[in-house]
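Reminder, nothing fancy here: chain letters follow the sequence lines and each chain counts from 1. Heavy atoms only: backbone and side chains are in, while hydrogens, waters and symmetry mates are out.
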Amino acid sequence: MRHWLIKSEPDVFGIGDLKRVGTEPWDGVRNYQARNFMRDDMKVGDLALFYHSNSTPPGVAGVARVASAAYPDPKAWDPKSKYYDEKASEENPRWFMVDFKFVGEFPDYVPLEALRADPKLEDLMILRKGSRLSITPVEAKHFNHICKLGGLGI
DNA sequence: GCCAACGTTGGC
DNA sequence: GCCAACGTTGGC
């Protein structure tokens, strides 16, 4: 099993929203690297850290599980959607997504500052300068360590 | 609101 | 294939 970190703005969709709805299609990803991770590498059952970006403070809020194989993102060919892409179509979808299922919310929110301060997380991808990728792979040891910081036993 | 860093687009 | 211009991300 692989581990991931997914970013979301809590003002738009946060861990509380995922808890409420249970399962959510992760649509709107419009970055090729992130798409490739979902389409080619994610497997049902993989676990992901749920990161709150653009929040005060930013940090990891909980855990989600990959709940579907990748499938085309229909918003890509919906002209009314803000995720519309004129080069995508049902025949040639271009953008893919998976569903995420709520696993748990951290009893102890882990702020970005705590991630940065932790020598064990030195090479975590999102801590690299200029890292903006919304979906990144995470090593199992890092995943487990962050869950521990969050007070969630998986 | 600022702005550094990055990805994408399109002219050439 | 280069690269300038542009748009976006996301911390601060």
Side-chain angles (χ1 to χ4, degrees), chain A residues 2-21 24-42 46-66 70-100 102-139 141-143 145-152:
Chain A
R2 301 189 66 174
H3 298 81
W4 307 92
L5 182 146
I6 57 176
K7 292 184 191 173
S8 186
E9 301 188 22
D11 289 350
V12 180
F13 190 88
I15 191 77
D17 298 302
L18 186 62
K19 187 176 188 175
R20 186 167 42 78
V21 301
E24 178 76 1
W26 214 247
D27 58 18
V29 173
R30 296 292 179 267
N31 169 284
Y32 289 106
Q33 235 184 311
R35 178 204 69 180
N36 293 347
F37 282 139
M38 286 197 290
R39 192 189 56 187
D40 306 333
D41 301 320
M42 276 190 186
D46 282 1
L47 294 173
L49 299 166
F50 196 108
Y51 180 88
H52 282 177
S53 62
N54 256 315
S55 93
T56 313
V60 182
V63 173
R65 178 189 295 120
V66 177
Y71 58 103
D73 180 349
K75 288 198 175 166
W77 56 84
D78 173 5
K80 294 191 297 291
S81 170
K82 72 170 184 169
Y83 300 120
Y84 177 65
D85 179 349
E86 57 174 11
K87 290 181 181 153
S89 65
E90 212 162 344
E91 298 72 37
N92 186 16
R94 183 139 141 165
W95 301 111
F96 290 80
M97 61 184 180
V98 300
D99 294 344
F100 279 106
F102 177 78
V103 172
E105 184 171 2
F106 282 175
D108 308 309
Y109 184 76
V110 184
L112 176 60
E113 197 180 15
L115 300 177
R116 287 201 192 284
D118 195 324
K120 286 189 178 150
L121 301 173
E122 225 175 354
D123 44 352
L124 195 68
M125 270 183 85
I126 57 150
L127 299 182
R128 291 195 202 138
K129 191 174 172 187
S131 165
R132 296 183 346 193
L133 203 53
S134 62
I135 296 176
T136 53
V138 173
E139 288 180 51
K141 63 178 180 187
H142 292 154
F143 180 92
H145 183 62
I146 292 169
C147 284
K148 204 172 295 172
L149 295 177
L152 193 67

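- We find that CG of A:Leu112 is positioned 12 Å from P of C:dG10, with the value rounded to whole Å.
- A straight line from OH of A:Tyr83 to C1' of B:dT8 spans 18 Å, rounded to a whole angstrom.
- Rounded to whole angstrom, the span from the CG atom of A:Leu133 across to the P atom of C:dG11 amounts to 13 Å.
- Taking A:Trp4 as the reference, A:Phe37 meet the ring pair (Phe, Tyr, Trp, His ring centres under 6.0 Å) condition, with sequence neighbours excluded.
- When distances are taken from the side chain of A:Tyr32 to each of B:dT8, C:dC12, C:dG10, the shortest belongs to B:dT8.
- Between A:Tyr51 and C:dT9 there is no side-chain polar atom (N or O) within less than 4.0 angstrom of OP1 or OP2.
- Side-chain atoms of A:Pro137 and A:Asp41, non-hydrogen and from C-beta on, never get closer than 4.5 Å to each other.
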Which atom pairs, donor and acceptor, lie under 3.5 Å between side-chain atoms of residues 105-117 of chain A and protein residues at least two apart or in another chain?
from     : atom 1 : to       : atom 2 : distance (Å)
A:Tyr109 : OH     : A:Pro57  : O      : 2.6
A:Tyr109 : OH     : A:Gly59  : N      : 2.8
A:Arg116 : NH1    : A:Leu127 : O      : 3.2

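- For A:Tyr71 and A:Asp99, the side-chain atoms include at least one donor-acceptor pair closer than 3.5 Å.
- As rounded to whole Å, 16 Å separates atom P of C:dG7 from atom CG of A:Asp85.
- Note: CZ (A:Phe37) to P (B:dG7) measures 12 Å, nearest angstrom.
- One can place CZ of A:Arg116 at 8 Å from C1' of C:dG11, the figure rounded to the nearest angstrom.
- Across all strands shown, A:Arg35 has no heavy atoms under 4.0 Å from either base or sugar-phosphate atoms.
- In this structure, A:Tyr32 has its ring center closer than 6.0 angstrom to the ring center of A:Trp95.
- Between A:Phe50 and A:Phe13, the ring planes lie tilted relative to each other; the angle falls in the 30° to 60° range.
- With C:dG10, B:dG7, C:dC12 as the candidates, the nucleotide lying closest to the side chain of A:Gln33 is B:dG7.
- For A:His52 and C:dC12, the NE2 to P distance is 17 Å, given to the nearest whole Å.
- A donor-acceptor pair under 3.5 Å is formed between the side chain of A:Asp17 and the backbone N or O of A:Gly14.
- What separates CG of A:Leu127 from P of C:dG10 is a distance of 14 Å, to the nearest Å.
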Requested in this report: If a protein heavy atom is under 4.0 Å from the base, mark B; if only from the sugar-phosphate, S; if neither, -; do that for nucleotides 1-6 of chain B going 5' to 3'.
Outcome: ----BB
